[in-house]
Amino acid sequence: MIPFNKPYLIGRELDYIKHAVELGKLSGNGQYTQKCQALIEKTFDFKKSLLTTSCTDALEMAAILSEIKPGEEVILPSFTFVSTALAFARQGAKLVFADSSSDHPNINAECIEELITPMTRLIVPVHYAGVSCDMGKIMEVSDKYRLMVIEDAAQAIDSKYMDKQLGSIGSFGCFSFHETKNIIAGEAGLLTINDASYNNRSEIIWEKGTNRAEFFRGEVNKYGWVDIGSSFLPSEIIAAFLFAQLENITNIQNKRKKIWSLYLANLRALEEDDIIKLPVLPEYATNNAHMFYLVCRSLEERSNLISFLRQNGIMAVFHYQSLHNSPFYNDKHDGRPLPNSDMFSDCLVRLPLFYELTEDNVNRISELIHRFYRTNG
Ligand SMILES: *Cc1c(COP(=O)(O)O)cnc(C)c1O
C-alpha cells in the first residue's frame, strides 16, 4: 500500500528532543523555539515570527490581533480548510465566501472588490498548494479600501509571489507544520508579524495575555495579566523536532520538487488530450511542491479513479468541500452560487507526495492513472 502521506525523520529530530529534555526546560519559548524562529526569519527574511501549536492557532492569533468586531465582514475563499474560516467565526465575524478562479483553486482576486461593503474589514487569501494568490491585485484592493490582509500560508512555506516570500505580504502570515505539510512537527504552526506595530501585543496574546516575554528580556521588572490571550506556544519537544526539519529544508524541498516534476512529466499526455487538468502555475508564482493534484471531468469520474487507485494499493484523496455549503455555514451564506469552488470540491484528486516516496512509486501511480483512462475513456 502506498499511503497518501507519511511522516518521516530527516536528521537529528530525536537527538534534539533528547537535548531539549537535558536542557531542563520543556515548556514553550525556550532555546529550540527561539532557534526555529531565528532560522525561519533568516531563511525567509521575515521580520518577526512566533511558533504556535498549529496554523489554526496562528490564524486565531491573527484574528484576535486584527480586532475584528462581531458583525464585521471577512472575505475568504470557500474552497479552503475549516480553520481559515473558524478563526474569524469565533470572533463573531460574518464570513463572505468568494469563488475560486476557473483554472486554479485560489480565490479569484478579480471578484473581491464587488464583495466589499462598509462592514468589510479583512481579506484572507489562501495560497492553495503553496501557489501564490494574485497578491498584486489583492493588495491593490486592500489598500484602496483600507482592509487588513491575513495570509493563510499553511501550505506555502518556501514559496513566493514575484520576489516576495508568501506570508510576508499581508499584516500577518500563518503557516502549518502539520504532518501533511512540507516541513513537519506533528502539530505546529507559525505566525509571521509583518507590521511592527503588532510586535508587542502578538507576544502578549501568545503567552496567555501576560507580558512574560518582555519580562524575560529584562524590559519590565515584573510580569502579569495585561490583555486577552491563550496558550498558543508549543512545547520545546515540538520545537526540537521542527528545528531538525528546518535545518534540512533544502534537501526536503529538492526531493519534493523532483517528485512533483516527475508526476507532471508522466501525466502531461493526459492533459494534452483534454482528459484531465494539471496544476497551473501563474507567472507571478513559484512552486514549493506542496501538493500534486489533478482535476477530473466529473464527480463520478473522480470517485471511480480514487477507488481504482485504492484497489491497486494507492491512497489518493479528494480535498476541501466548499465551506459555503457546509452544515455549519450553509444557512448563514448569502446564497451566491460559487461554481468553481464546487467544481474543485467535486473533481480535484491529490496524489501521494511525501519525502520517502520513490521514483518507482511515482511511475507506478502515473501508469495506473493512464491505465484507468485507457479503459474508462
Ligand atoms: C493545514 C491547513 C490549515 C491548518 O493547519 P494546522 O496546522 O493543522 O492547524 C489551515 N489552512 C490551510 C489552507 C491548510 O492547508
Side-chain angles (χ1 to χ4, degrees), residues 4-5 7 28 36 40 49-64 74-90 95 97-98 100-101 104-107 122-133 135 138 149-159 161 166-167 169-170 172-192 206 230-235 238-239 241-242 245-246 256 279 285 287-293 317-324 326 328-329 341 344-345 348 350 353-354:
F4 170 68
N5 181 62
C36 287
I40 292 172
S49 68
L50 292 172
L51 219 57
T52 58
T53 40
S54 63
C55 179
T56 304
D57 272 1
L59 285 158
E60 287 183 10
M61 282 187 68
I64 294 170
V74 180
I75 298 173
L76 73 168
S78 180
F79 190 76
T80 185
F81 192 55
V82 183
S83 301
T84 321
L86 204 51
F88 305 96
R90 286 177 92 253
L95 307 179
F97 288 111
S100 300
S101 298
H104 200 284
N106 278 345
I107 190 167
L122 278 167
I123 305 174
V124 186
V126 179
H127 305 299
Y128 188 78
V131 173
S132 178
C133 295
M135 292 309 289
I138 290 171
V149 173
I150 295 173
E151 297 174 72
D152 181 339
Q155 306 174 10
I157 192 94
D158 190 32
S159 199
Y161 170 82
L166 297 183
I169 304 167
F172 304 104
C174 305
F175 291 90
S176 175
F177 305 115
H178 184 265
E179 71 171 12
T180 52
K181 304 302 200 276
N182 290 32
I183 306 294
I184 64 171
E187 301 270 3
L190 182 91
L191 178 73
T192 53
W206 189 53
S230 190
S231 185
F232 286 117
L233 63 178
S235 108
I238 301 285
F241 190 104
L242 180 63
Q245 292 260 322
L246 290 169
R256 292 186 75 99
N287 173 33
N288 71 348
H290 170 60
M291 186 194 300
F292 195 90
Y293 66 85
V317 293
F318 58 87
H319 211 185
Y320 307 132
Q321 299 301 295
S322 294
L323 293 180
H324 72 285
S326 62
F328 184 69
Y329 219 79
S341 175
F344 288 114
S345 300
L348 185 143
R350 295 182 292 158
L353 205 178
F354 49 88

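Atoms within a ligand are numbered from 1 in the order they appear, just like the ligands themselves. Values below: all heavy atoms of this structure, side chains included; hydrogens, waters and symmetry mates excluded.
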Inter-residue atom distance H324.NE2 - L76.CG, 0.5 Å rounding: 12.0 Å
Those atoms of ligand 1 less than 4.0 Å from some heavy atom in Y320: 12 (C), 13 (C), 14 (C), 15 (O)
Atoms of ligand 1 less than 4.0 Å from H178 heavy atoms? 8 (O)
Under 4.0 angstrom from ligand 1, any heavy atom of A58? no
Decide if atom CZ of F4 counts as having more than 12 heavy atoms of other residues, nucleotides or ligands within a radius under 6.0 Å. yes
If you count the atoms of ligand 1 from 1 in the order shown, which ones are under 4.0 Å from a heavy atom of A188? 7 (O)
For a 4.5 angstrom cut-off between non-hydrogen side-chain atoms, does P105 reach Y320? no
At less than 4.0 angstrom from any non-hydrogen atom of S54, what atoms of ligand 1 do you find? 7 (O), 9 (O)
Look up atom CG in L242 and atom SG in C36, then write down how far apart they are to the nearest 0.5 Å. 4.0 Å
Over 60° means perpendicular and under 30° means parallel, so classify the ring planes of F344 and F79, tilted if in between. tilted
How close does the nearest protein non-hydrogen atom get to atom 14 (C) of ligand 1, and which residue and atom is it? A154 CB, 3.3 Å
Could you list the atoms of ligand 1 found under 4.0 angstrom from a heavy atom of V126? 13 (C)
For atom 15 (O) of ligand 1, closest protein heavy-atom neighbour: Q155 NE2, 2.8 Å
Is there a polar contact between ligand 1 and S176, counting only N or O atoms under 3.5 Å apart? yes
Which of L191, L50, D57 passes side-chain contact (heavy atoms from CB on, under 4.5 Å) with W206? Answer is L50
Any N/O pair C55/ligand 1 closer than 3.5 Å: yes
Within the 4.5 Å heavy-atom criterion, are E187 and T53 side-chain neighbours or not? no
Select one of side chain, backbone, both or neither to describe which atoms of F79 lie under 4.0 Å from any atom of ligand 1, heavy atoms only. neither
Side chain to side chain donor-acceptor pair (under 3.5 Å) with S322: which residues, sequence neighbours excluded? S341, D342, S345
So which of T56, T180, D152 gets nearest to atom 13 (C) of ligand 1, if we judge by its closest heavy atom? D152
Looking at NE2 of H290 and CZ of R350, how far apart are the two atoms once the value is rounded to the nearest 0.5 Å? 7.0 Å
Here the atoms of ligand 1 under 4.0 Å from any heavy atom belonging to K181 are 1 (C), 2 (C), 14 (C), 15 (O)
